[in-house]
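In this text the structure is predicted, and so the values were computed from the model without any measurement. These values consider heavy atoms only, across backbone and side chains, with no hydrogens, waters or symmetry-generated copies. Throughout, a chain's letter reflects where its sequence line sits, starting with A, and its residues are numbered from 1.
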There are 2 protein chains.
Amino acid sequence: MVRGKIQIKKIENTTSRQVTFSKRRSGLFKKAHELSVLCDAQVAAIIFSQKGRLYDFASSDIQKTIKRYAEYKGEYFVAESHPTEQYVQGLKKEMVTMVEKIEMLEVHNQKLMGKSLAFCSLKELQEIATQIEKSLHIVRSRKAKLYEDEVEKLKAKGRELKDERVRLSGRVGEEPSGMPMPSGSKEKEDVETDLSIGFPKTRS
Amino acid sequence: MVRGKIQIKKIENTTSRQVTFSKRRSGLFKKAHELSVLCDAQVAAIIFSQKGRLYDFASSDIQKTIKRYAEYKGEYFVAESHPTEQYVQGLKKEMVTMVEKIEMLEVHNQKLMGKSLAFCSLKELQEIATQIEKSLHIVRSRKAKLYEDEVEKLKAKGRELKDERVRLSGRVGEEPSGMPMPSGSKEKEDVETDLSIGFPKTRS
DNA sequence: TATGCTATTTATAACCT
DNA sequence: TAGGTTATAAATAGCAT
């Protein structure tokens, strides 16, 4: 005889609570079963009692249902934190390509540096030598060009300093107090260049 | 107005079935909730509709409930096809390292081949030139060694052929019908070597 | 497709054995 | 602790909107 509505809050009386648990549990499972049959749905229910005992119901294989649940959540709800297997396969493929490229480059590098030549044929060695000779030529040209530019820059700097000195001596008097300036000498520019080479280093 | 008891079997009318599904589903979840509160139990329910849509209820965290279930049963419900974000981050980090390595190797390669020198300092150019010179020296030595070995092998072959001819001529008679054999000549070995160089090619 | 209504079925709280 | 009884609350089938 139900005396009135019950409040949905924890039943404090242990005996009542256990009885209610047992009855409502079977009620819930019955409803779950009916739902699955009436509506052709896949239903699973898991209950842990307060004491930690497990009760479960599933309209079909509960493991399959839970797996399906995990996959569903993985695909649609937490997609960002669960990349697909396909995506990872793509990454791995890329990595294989990269590893191959690294190996290829390393071998090439080694050969260009005169290492790991033990298994090279004469013909291959000839090709490498030709390549290296070509490289050496280019690098030397570039070095020469850079050196030339440097020298040119320093010469310009030297001329600038000379002009400055001339202007200064003009203002102070007829006799410049600094080093005497040779004039008309063919060697002059070279001498000044040599001096100037040291200048930027002591300045900077 | 309920006209009478219903049979617990699949509702054939689609509309009715969907309405019943919706109503009974919320009824089930309500019962599940009440059970969890009244009896202090941990309750989870998973429903897949006929169309494959997921509905779930859990009195606490459903993942925890499923995990507890898995532990209780001693089974795992990992969605195999979904690698963890952490794993993918690891892969990506590796890839970044590999990309850096490739770039480094490519730059080094380019420099060894006399390319992309535009931004090299004089000092760097000097280092590259030194490296290339060293490489060239090694490659040339190796080439020389290989060539020497080849010549040595061919000379041995030449001597072998000479011995063979001597043996053959001894059997046929005093006069060998082949080419006459010069002897005591200083040029002899070189001549034979030159001949022999062509031999393996025509044979193989 | 969802929500409201209501007659009726179903679940169940309290009690009993 | 389990199962049965019963008065009552709750759920819900069929219909309407």
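A 4.5 Å side-chain heavy-atom check between Leu91(A) and Glu94(A) finds at least one atom pair inside the cut-off.
Ion pairing between Glu127(B) and Lys123(B) holds under the 4.0 Å rule for side-chain N and carboxylate O. With salt bridges taken as basic N to acidic carboxylate O contacts below 4.0 Å, one links Glu164(B) and Arg167(B). Here Glu148(A) does not pair with Lys145(A) in a salt bridge; the nearest charged N to carboxylate O distance is not below 4.0 Å. One finds no salt bridge joining Arg142(B) and Glu124(A) here, because no Lys/Arg side-chain nitrogen approaches an Asp/Glu carboxylate oxygen to under 4.0 Å.
DNA chain D lies under 4.0 Å from at least one heavy atom of each of the following residues of residues 16-33 of chain A: Gln18(A), Lys23(A), Lys31(A). For the segment residues 39-54 of chain A, no residue has any heavy atom less than 4.0 angstrom from an atom of DNA chain D.
Using a distance-only test at 3.5 Å, with no hydrogens or angles considered, a donor-acceptor pair links the side chain of Thr97(A) to the main chain of Lys93(A). Formation of a donor-acceptor pair under 3.5 Å by the Thr20(B) side chain with backbone atoms of Arg17(B) is not found in this model.
Atom pair Glu34(B):CD and dT12(C):C1' shows a separation of 11 Å (rounding to whole Å applied). Atom CD1 of Ile6(A) and atom P of dA10(D) are 7 Å apart (whole Å). Straight-line distance from the CD1 atom of Ile8(A) to the C1' atom of dA11(D): 13 Å, rounded to whole Å. Between Lys9(B) atom NZ and dA13(D) atom P there is a gap of 15 Å when expressed in whole angstrom units.
At a cut-off of 3.5 Å, with distance as the only test, no side-chain donor of Gln18(A) or Ser22(A) sits close to an acceptor on the other residue.
Of the listed nucleotides (dA9(D), dA13(D), dA14(C)), dA9(D) has the atom at the smallest distance from the side chain of Lys5(A).
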